[in-house]
Amino acid sequence: MEYQIQENCLTICLPNELDHHNAEEVRKLSDQLVEKNHIKYIFFDFQNTNFMDSSGIGVIMGRYKQVCLFGGEVWAMNTNERLKKILRMSGVTKIIHMYEEELCI
């Protein structure tokens, strides 16, 4: 998993499939990075992601709970239409922000 840190912002490039097989790895690494670097803003980059199950939703929700305690925010970016639908149906879009412009890190 690739990531980039700039000041108090963490961008995580998610894998092709964010499912129960790799959600724990994403969760552990992001938690360590947030704690170690005093991260307030997390950007999940879905550019390479084609599939996400409830474990992936759990990763996003957990990181939201983590940074929201400090007034932080979670953003989803580079989401395709299928992933946007999953995020909307799960209710995640009610608590996180959707970044509509394409970014490259």
Side-chain angles (χ1 to χ4, degrees):
M1 182 179 74
E2 294 182 30
Y3 65 90
Q4 181 179 30
I5 297 172
Q6 291 182 322
E7 296 183 19
N8 62 350
C9 299
L10 169 63
T11 302
I12 299 172
C13 297
L14 295 171
N16 184 41
E17 295 184 0
L18 185 56
D19 57 15
H20 69 279
H21 294 291
N22 54 22
E24 187 62 26
E25 177 187 346
V26 173
R27 183 178 295 121
K28 284 181 182 179
L29 179 60
S30 60
D31 284 351
Q32 290 170 355
L33 293 170
V34 167
E35 192 172 310
K36 179 181 175 187
N37 298 285
H38 308 288
I39 299 297
K40 191 170 179 180
Y41 303 97
I42 300 175
F43 292 84
F44 286 105
D45 188 342
F46 286 88
Q47 184 171 353
N48 298 319
T49 307
N50 294 311
F51 176 81
M52 179 173 58
D53 66 8
S54 60
S55 299
I57 297 294
V59 168
I60 296 168
M61 297 288 289
R63 291 344 88 207
Y64 167 78
K65 289 177 183 177
Q66 186 180 28
V67 297
C68 121
L69 294 172
F70 306 106
E73 297 175 348
V74 173
W75 291 75
M77 57 191 217
N78 297 322
T79 53
N80 62 35
E81 289 304 315
R82 181 177 180 196
L83 291 172
K84 284 180 189 174
K85 184 176 179 180
I86 291 169
L87 293 171
R88 278 194 305 271
M89 289 175 54
S90 67
V92 171
T93 56
K94 293 178 183 176
I95 61 169
I96 71 167
H97 303 279
M98 300 296 290
Y99 194 89
E100 297 299 331
E101 291 182 35
E102 289 195 20
L103 291 178
C104 296
I105 62 167

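We count residues from 1, following the sequence as given. What you see is a predicted model, and the numbers here were worked out from it, not measured in a lab.
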Nearest 0.5 Å, what's the OG1-CD1 distance between Thr93 and Ile86?
12.5 Å
Nearest 0.5 Å, please: how far is CD1 in Ile60 from CZ in Phe44?
5.5 Å
For the atom pair OG (Ser55) and NE2 (His21), what is the distance rounded to the nearest 0.5 Å?
9.0 Å
What residues form a side-chain hydrogen bond (donor to acceptor under 3.5 Å, both in side chains) with Gln6, not counting sequence neighbours?
none
Scanning both residues in full, the closest heavy-atom pair of Ser30 with Ile12 reads CB-CD1, 3.6 Å
Show, in sequence, the C-alpha distance, side-chain angles and deciding distance for Ile95 and Met61, and conclude whether the side chain to side chain contact (heavy atoms under 4.5 Å, CB included) test is met.
CA-CA 9 Å; Ile95 61 169; Met61 297 288 289; 3.4 Å; yes
Measure the spacing between CG of Asp31 and NZ of Lys36 and express it to the nearest 0.5 Å.
14.5 Å
Residues in ring pair (Phe, Tyr, Trp, His ring centres under 6.0 Å) with His97, at least two apart?
Trp75
Residues which pass side-chain hydrogen bond (donor to acceptor under 3.5 Å, both in side chains) with Asn50, listed by chain and number, not counting sequence neighbours:
Asn16
Flag yes if Phe70 and Val34 sit in one hydrophobic cluster, no otherwise; membership is Ile, Leu, Val, Met, Phe, Trp, Tyr, and two members link when side-chain heavy atoms are under 4.5 Å apart.
no
Distance col, row Asp53:CG vs Glu17:CD, nearest 0.5 angstrom, shows 9.0 Å
Euclidean distance, Met77 CE relative to Met98 CE, rounded to 0.5 Å:
11.5 Å
Give me the atom names and distance for the closest heavy-atom approach of Asn78 to Asp45.
ND2-OD1, 2.9 Å
If you compare all heavy atoms of Leu83 against all heavy atoms of Phe51, which two are closest, and at what distance to 0.1 Å?
CD2-C, 4.4 Å
Applying side chain to side chain contact (heavy atoms under 4.5 Å, CB included) to Leu10 and Asn37, what does each step give before you reach the verdict?
CA-CA 9 Å; Leu10 169 63; Asn37 298 285; over 6 Å; no
How far apart are the C-alpha atoms of Met52 and Leu87, what are their side-chain angles, what is the distance that settles it, and do they pass the side chain to side chain contact (heavy atoms under 4.5 Å, CB included) test?
CA-CA 9 Å; Met52 179 173 58; Leu87 293 171; 3.6 Å; yes
Are side-chain heavy atoms of Leu14 and Asn48 found at a separation under 4.5 Å?
no
With heavy-atom distances below 4.5 Å as the criterion, would you say the side chains of Asn22 and Met1 are in contact?
no
